[in-house]
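Each chain gets a letter, A, B and so on, in the order its sequence line appears, and its residues count up from 1.
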Amino acid sequence: MKRALLVIIVGVLYVLHQDFWFWRAAHPLVFGFLPVGLFYHACYTVATVLVMMLLVRIAWPSELEEGVRDAADREDT
Amino acid sequence: MIPAVVVFAYLGVVLYIGIFAFRKSRHREEAEDYFLANRSLGPYVFLFSLFGTNMTAFAILGSSGHAFNNGIVTFGLMASSSALIIPLSLFLIGTRVWALGKKYGFITPVQMFRDRWECSHIGTVIFVVQAALLIPYIIIGVMGGGTALSAISGGRVPYWFGGAVVAMVVMSYVFFGGMRGTAWVNTFQTILFLCFGAIALIVIGIGMGGFQQSAEALLGSPATAPLMTRERISPLYFFSYTFIPLSSIAFPHITIFCLTARKMNQFKKTVVLYPVCMLALWMPCVFLGVMANRAAGVPKIQEKIEARRALATEGPRLTADERDALRSKTAGDDVLLLLLERYAPLWLAGLLGAGIMAAVMASDSQILALSTMFTEDVFAFYGGKKRFGEAAQVHTGRLFIVLITIFAYAVALRAPQNIFDLAVQYAFSGYSALSPLLVAALFWKRSTKWGALASTIWCAVSVAAVALFQYLVPAPAGPPVAMWSVAGVDVLSRTAGGTAVFGLMPVVPMTIISALLLILVSLLTSRPGQAAMRRYFHAV
């Protein structure tokens, strides 16, 4: 269930990258100089950081590392 | 001359780091130590070095140049899409490659493919295609070094000498330090060029009297207002570009780099902080590139703006050669250097120039990757390691580094840069089209060596076909020109910047057909043996 939710979140994030709604808009100028389209993509990049944090926290493939450890243990014995 | 002196001092520091790494190495004659730093990189060296490896000269010079001519779209096109796709591919693919490398001792992706699909010569075909797509990168790195050093010194350092100095420095620290030296130098360089963005933004902002007035002025002029939006690029093209970052994990130097982490946990910081680094580097460069259109006091920038205006108004009446000449005048790869020259004090321009050199010198990882691939996938695979021993393998790797650097320098002196710009442009598409190979090897049990071969051949043929098409058909001045239409739908078009297939960048059909071929041919051929399946998927 958690994994399915994460897949949906990543999918939504990918769709949000295609922000056609700000395509021809420069206003409002955020902080007086940053066009809204550029500001949107800066915020989008920050959102990406949050999603990556979620992925690392919830879906980290620790079984891969355990597989490596098991193989090393087998070699040692 | 002061900036050039600062840059030379920087090159000296970089060289020292590489040689220091050599002295720190305890197992100099072992392939795993030389080519993979003994799989021992810590979390921050892994993050900064991987980020630095991915950022070429384009990240600083090319991004501001692209933004100068196309506007703010550059950030969404290249930075925010990469901020999602690259960490995601490291999370899904990089971690698996690391685990398999650690478990079975792989040093290159081709070794993994050979083991996974139980093949030998097909692996060699993959090696050849990967190497062919990588070589233009190395050449363009030498060219970038020569151009940047010449520009920073105000033309006092000639192109041939600048290129030779950069090639020698890169060759020396890769030769001595191997992966450890390259990773340490990349870490130092990444910290430098991450600082560069913020400092350049502040210094140029103060010099231009703040950005508020410039932004309003850009919006006030019909010629520059579109640069503050994304209307110069079509939404379809924008969408297509999200396929380009798929190339990152398929580049051999990145796949090989995934094998250098000490623990899999090292990936955690990289996955989370990679987008932060993208934001810190690309946002200032893109924004300054757009603002350069208001740098009235820089004559060379004004010449570029004039050339752009002439291309827009007189373009359709000009010959293809005249259009190409105008187009090369509009190229904005040096706008950031020109802004620094105009607004930064000399000593700071030197430091910032060193930051630019740090990005230009990203070819180190590609040189090392090519050497690693040659010694592992060809020399060792065809019996060289067994006959001559591991020390000879490392010596062969070092010799290969010298030869490839000399070759790249010789070509950089003679060949026109635009040919290699084109080759690099399609190397990205080529590696994106190779990415299904990694996905299939790691996630799809039913994939076979014949499927992998079909996908690889398709990739090579399609890259060559698109490059040939662009070489033969001159770029139009205005809107795309349809070359092949079916029932009123434009299938193949020549655009001002390249090629469009159904309005999309070629990378989209290249990657989708590559994946489809891999699936289809795999289903038609017999699957690998049970032993290989068990190694990769535990229970079959």
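More than 12 heavy atoms of other residues, nucleotides or ligands sit less than 6.0 Å from atom CZ of F443(B). Surrounding OH of Y104(B) are more than 12 heavy atoms belonging to other residues, nucleotides or ligands, all under 6.0 Å away.
When heavy atoms are compared at a cutoff of 4.5 Å, L218(B) does not approach chain A at all. With a threshold of 4.5 angstrom between heavy atoms, F267(B) approaches chain A through its backbone and through its side chain. Looking at M264(B), the atoms closer than 4.5 Å to chain A (heavy atoms on both sides) sit in the backbone and in the side chain alike. Of the atoms belonging to A42(A), heavy atoms from both backbone and side chain fall under 4.5 Å from chain B. Proximity to chain B involves both the backbone and the side chain of L38(A), based on heavy atoms less than 4.5 angstrom apart. Proximity to chain B is absent for every atom of F20(A), based on heavy atoms less than 4.5 angstrom apart.
Contact tally against chain A (heavy-atom pairs below 4.5 Å) for M278(B), K268(B), K102(B): the top residue is K268(B). With chain B as the partner, the residue from Y40(A), F31(A), F22(A) showing the most heavy-atom pairs under 4.5 Å is F22(A). The residue among V46(A), L13(A), D19(A) with the most heavy atom pairs within less than 4.5 Å of chain B is D19(A). Put simply, of S214(B), G76(B), G210(B), the one with the most heavy-atom pairs under 4.5 Å next to chain A is G76(B). For chain A, the option among N265(B), V290(B), I85(B), L92(B) with the highest count of heavy-atom pairs below 4.5 Å is N265(B).
Side chains of Y274(B) and M52(A) form no contact here, defined as non-hydrogen atoms less than 4.5 Å apart. Looking at heavy atoms from C-beta onward, W282(B) lies out of side-chain contact with T45(A) at the 4.5 angstrom threshold. In this structure, Q212(B) and L29(A) have side chains that are not in contact, with every pair of non-hydrogen atoms separated by 4.5 Å or more.
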Step-by-step side chain to side chain contact (heavy atoms under 4.5 Å, CB included) determination, L55(A) to V271(B): CA-CA 9 Å; L55(A) 280 175; V271(B) 167; 5.7 Å; no
Worked verdict on I72(B) versus H41(A) for side chain to side chain contact (heavy atoms under 4.5 Å, CB included): CA-CA 10 Å; I72(B) 61 162; H41(A) 277 274; over 6 Å; no
Test side-chain hydrogen bond (donor to acceptor under 3.5 Å, both in side chains) applied to S80(B) and H17(A), step by step: CA-CA 8 Å; S80(B) 60; H17(A) 185 264; 3.1 Å; yes
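Residues passing the salt bridge (charged side-chain N to carboxylate O under 4.0 Å, His left out) test with R262(B): none are found, sequence neighbours excluded. In this structure, the side chain to side chain donor-acceptor pair (under 3.5 Å) partners of N69(B), at least two apart in sequence or on a different chain, are R308(B). Taking the ring pair (Phe, Tyr, Trp, His ring centres under 6.0 Å) definition, one finds that W23(A) meets it with F238(B), sequence neighbours left out.
T48(A) and L84(B) make their closest contact through CG2-CA, 3.6 Å (heavy atoms, listed as atom of the first residue, atom of the second, distance). Shortest non-hydrogen contact noted between V49(A) and V272(B) is CG1-O, 3.7 Å. Closest approach of F91(B) and A59(A) over heavy atoms only: CZ-O, 3.3 Å.
Annotation: residues 224-236 of chain B contacts chain A through M228(B), T229(B), R230(B), E231(B), I233(B), S234(B), P235(B) [non-hydrogen atoms, separation under 4.5 Å].
Taking the six-membered ring for Trp and thresholds of 30 and 60 degrees, F239(B) and Y14(A) have ring planes more than 60 degrees apart, a perpendicular arrangement.
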